[in-house]
Amino acid sequence: MRSIMDLKEYFKRIGFTGLYDKADLPTLCTIHKLHVMTVPFDNLSIHCGEKITVDLKVIYKKIVLDRRGGWCFENNLLFSWVLREMGYKFMMLGTKDCNLLKNDSNPMDTHLINLVEIDCKSYIADVSFGVSCQIWEPLELIAGKDQPQPPGVFRLLNDGEKWTLEKTGRKPLIQNEAFANCSLLNKPLTKTMFSFCLMPRGVDHFLEASEYLQTSPESVFTQKSICSLQTPTGFRALIGCNYSEVTYNPQEDVDLYDMRNIPDSEIETVLKEKFNITLDSKLTPVNN
């Protein structure tokens, strides 16, 4: 594995130039933020006729060498390898994403995160939730504490065995009223993101969910082609042919949404210029 996968290549991919001789919290925060700023959260492979895998070597080639993005089973699995190589104590967890399936009773864990332990404290690392609910830095695993970050205020709740992550955002201010009902907008402002238990999971635990999410008509990922990337001032997203530039404005408690439709002929250009992505196969934009 080491002869094929090189941690320095990953650091080059995300633009990390610092020291990594200590598995401490500041270093974790730095690489977490750099990852979400440089590696898109996307499901474009599904809409390019490509199969998404949980094979770490394939994921490494796709994200690090080919400079593509990916969804949680790719980004967070790659990040778990990074944590291991850097000497962090961690475990992978499965979560139930509250927004991915029409059938809320589905028992599968549809999202992968990492729980990192540093100096007797635990932190949630999740570099692949995307759009307005993407954490920029790890969250301390502590119940009931508001943890403000640029996207909004994140909060972990605990009822004994089960943990739940929720986020309170800001009012969206839309420049083009034609997009007032866009699904990207935060309605309501406080929303539940996912729930989880502190049960360590291996890669095989996510095989069924990965297959289901990329094939089932019940999955948001088959209904929409999604690409999002965090920016120093907010995030940008391409959902179907709908392109958004979002600027966070916490001083006025609003998020500014600049949205427009992209002609099919310009999709490749937008992916290259705004997300630094070049696809091998033609994308069929979908937004159902």
Side-chain angles (χ1 to χ4, degrees), residues 4-5 9-10 13 35-36 38-81 94 97 99-103 106 108-112 127-131 134 182-184 203-230 235-244 260-288:
I4 298 172
M5 299 172 60
E9 286 296 320
Y10 169 79
R13 171 72 173 94
H35 189 114
V36 303
T38 54
V39 181
F41 166 80
D42 77 61
N43 69 334
L44 301 183
S45 289
I46 295 172
H47 303 281
C48 291
E50 301 170 356
K51 181 73 173 177
I52 299 178
T53 178
V54 292
D55 184 316
L56 186 55
K57 294 178 184 177
V58 174
I59 294 168
Y60 174 89
K61 180 180 183 301
K62 178 184 178 182
I63 294 178
V64 176
L65 302 182
D66 297 341
R67 306 186 71 82
R68 291 275 300 275
W71 65 358
C72 74
F73 298 136
E74 298 171 291
N75 274 308
N76 280 330
L77 186 56
L78 178 67
F79 202 72
S80 71
W81 169 77
D97 189 320
N99 308 288
L100 287 184
L101 301 173
K102 291 180 180 178
N103 181 7
N106 193 298
M108 284 188 296
D109 286 336
T110 52
H111 187 58
L112 186 163
V127 295
S128 198
F129 201 91
V131 293
Q134 177 61 59
C182 176
S183 61
L184 189 63
V203 175
D204 289 351
H205 178 75
F206 303 98
L207 286 171
E208 182 183 0
S210 177
E211 177 67 20
Y212 185 87
L213 290 174
Q214 59 187 301
T215 58
S216 171
E218 296 288 309
S219 167
V220 168
F221 290 128
T222 60
Q223 299 169 15
K224 299 178 185 292
S225 55
I226 303 167
C227 185
S228 82
L229 184 66
Q230 305 300 299
F235 72 93
R236 53 183 65 125
L238 180 67
I239 300 178
C241 293
N242 181 342
Y243 177 72
S244 303
R260 59 188 172 95
N261 285 321
I262 304 295
D264 189 61
S265 60
E266 297 179 15
I267 293 291
E268 287 186 16
T269 301
V270 169
L271 287 173
K272 177 62 178 175
E273 293 182 353
K274 300 297 185 179
F275 302 94
N276 198 26
I277 287 179
T278 300
L279 300 173
D280 294 328
S281 306
K282 181 172 175 54
L283 172 69
T284 302
V286 179
N287 189 8
N288 294 327

**OP:** Could you tell me whether Asp66 and Arg13 have a side-chain N and a carboxylate O separated by less than 4.0 Å?
**Re:** no
Subject >> Heavy-atom closest contact (Leu56 atom, Leu77 atom, distance) >> reply: CD1-O, 3.9 Å
**OP:** Measure the shortest side-chain to side-chain distance between Lys51 and Glu211 over non-hydrogen atoms and say whether it is less than 4.5 angstrom.
**Re:** yes
Original post:
To the nearest 0.5 Å, how far apart are CG in Leu283 and SG in Cys48?
Top reply: 4.5 Å
Original post:
Considering residues, nucleotides and ligands other than Glu9, do more than 12 of their heavy atoms fall under 6.0 Å from its CD?
Top reply: yes
Original post:
Which pair of heavy atoms, one from Pro40 and one from Cys227, lies closest together, and at what distance?
Top reply: CB-SG, 4.0 Å
Original post:
Considering only heavy atoms from C-beta outward, does the side chain of Asn242 approach that of Ser244 to under 4.5 Å?
Top reply: yes
Original post:
Quick one: are Tyr10 and Met5 in side-chain contact, heavy atoms under 4.5 Å?
Top reply: no
Subject >> Gap between atom OG of Ser219 and atom OH of Tyr212 - 0.5 Å precision >> reply: 7.5 Å
Original post:
Is it true that a side-chain atom of Gln230 and a backbone atom of Val131 form a donor plus acceptor pair closer than 3.5 Å?
Top reply: yes
Subject >> Derivation and outcome, side-chain contact (heavy atoms from CB on, under 4.5 Å), residues Leu65 and Arg67 >> reply: CA-CA 5 Å; Leu65 302 182; Arg67 306 186 71 82; over 6 Å; no
**OP:** Mark yes or no for whether Lys224, through its side chain, and Asn288, through its backbone, hold a donor-acceptor pair below 3.5 Å.
**Re:** yes
Original post:
What about the rings of Tyr60 and Trp81, do their centers lie closer together than 6.0 Å?
Top reply: yes
Subject >> Val127 backbone acceptor or donor facing Asn76 side chain under 3.5 Å >> reply: yes
**OP:** Calculate, to the nearest 0.5 Å, the distance between atoms CZ and OH belonging to Phe275 and Tyr243 respectively.
**Re:** 5.0 Å
Original post:
So do Ile239 and Ser225 actually touch side chain to side chain, heavy atoms under 4.5 Å?
Top reply: no
Subject >> Point-to-point distance, once rounded to the nearest 0.5 Å, from CG of Asp280 to CD of Glu50 >> reply: 6.5 Å
Original post:
Does some side-chain heavy atom of Asp264 sit less than 4.5 Å from a side-chain heavy atom of Lys282?
Top reply: yes
Subject >> CG-CG distance between Leu229 and Leu271, expressed to the nearest 0.5 angstrom >> reply: 11.5 Å
**OP:** Decide if atom NZ of Lys61 counts as having more than 12 heavy atoms of other residues, nucleotides or ligands within a radius under 6.0 Å.
**Re:** no
Subject >> Check: Asn75 side chain, Gly70 main-chain N or O, donor-acceptor pair, under 3.5 Å >> reply: yes
Original post:
Side chains of Ser45 and Lys62: donor-acceptor distance under 3.5 Å anywhere?
Top reply: yes
Original post:
How far apart are the closest heavy atoms of Asp97 and Thr110, and which atoms are they?
Top reply: N-OG1, 3.1 Å
Original post:
Can Ser210 and Gln214 be counted as having a side-chain donor-acceptor contact under 3.5 angstrom?
Top reply: yes
**OP:** Take Ile63 and Glu74, measure what side-chain contact (heavy atoms from CB on, under 4.5 Å) needs, and give me the verdict at the end.
**Re:** CA-CA 8 Å; Ile63 294 178; Glu74 298 171 291; 4.1 Å; yes
Original post:
Which atom pair, heavy atoms only, marks the closest approach of Asp42 to Gly69?
Top reply: OD2-CA, 3.2 Å
**OP:** Could you pull out the closest heavy-atom pair between Leu213 and Thr222, with the gap in Å?
**Re:** O-CG2, 3.7 Å
**OP:** Examine His111 together with Phe129 and report whether their ring centres are nearer than 6.0 Å.
**Re:** yes
**OP:** May I ask you to decide if the ring planes of Phe73 and Phe206 are parallel, tilted or perpendicular, using 30° and 60° as cut-offs?
**Re:** tilted
**OP:** Would you check if Arg68 and Leu279 make a side-chain contact, meaning some heavy-atom pair closer than 4.5 Å?
**Re:** yes
Original post:
Between Arg236 and Glu273, is the closest basic N to carboxylate O distance under 4.0 Å?
Top reply: no
**OP:** Identify the heavy atoms of Ile59 and Thr53 that sit nearest to each other, and give their distance.
**Re:** CD1-O, 3.7 Å
Original post:
Got Val64 and Leu78 here, is their nearest side-chain heavy-atom distance under 4.5 Å?
Top reply: yes
Original post:
For Lys272 and Glu266, what are the C-alpha separation, side-chain angles and deciding distance, and is it a salt bridge (charged side-chain N to carboxylate O under 4.0 Å, His left out)?
Top reply: CA-CA 10 Å; Lys272 177 62 178 175; Glu266 297 179 15; over 6 Å; no
Original post:
Would you say the side-chain atoms of Asn43 pair up with the backbone N or O of Phe221, donor to acceptor, closer than 3.5 Å?
Top reply: yes
**OP:** Report the C-alpha distance between Leu238 and Ile267 in whole Å, list the side-chain angles of each, state the deciding distance to 0.1 Å, and finish with yes or no for side-chain contact (heavy atoms from CB on, under 4.5 Å).
**Re:** CA-CA 9 Å; Leu238 180 67; Ile267 293 291; 4.2 Å; yes
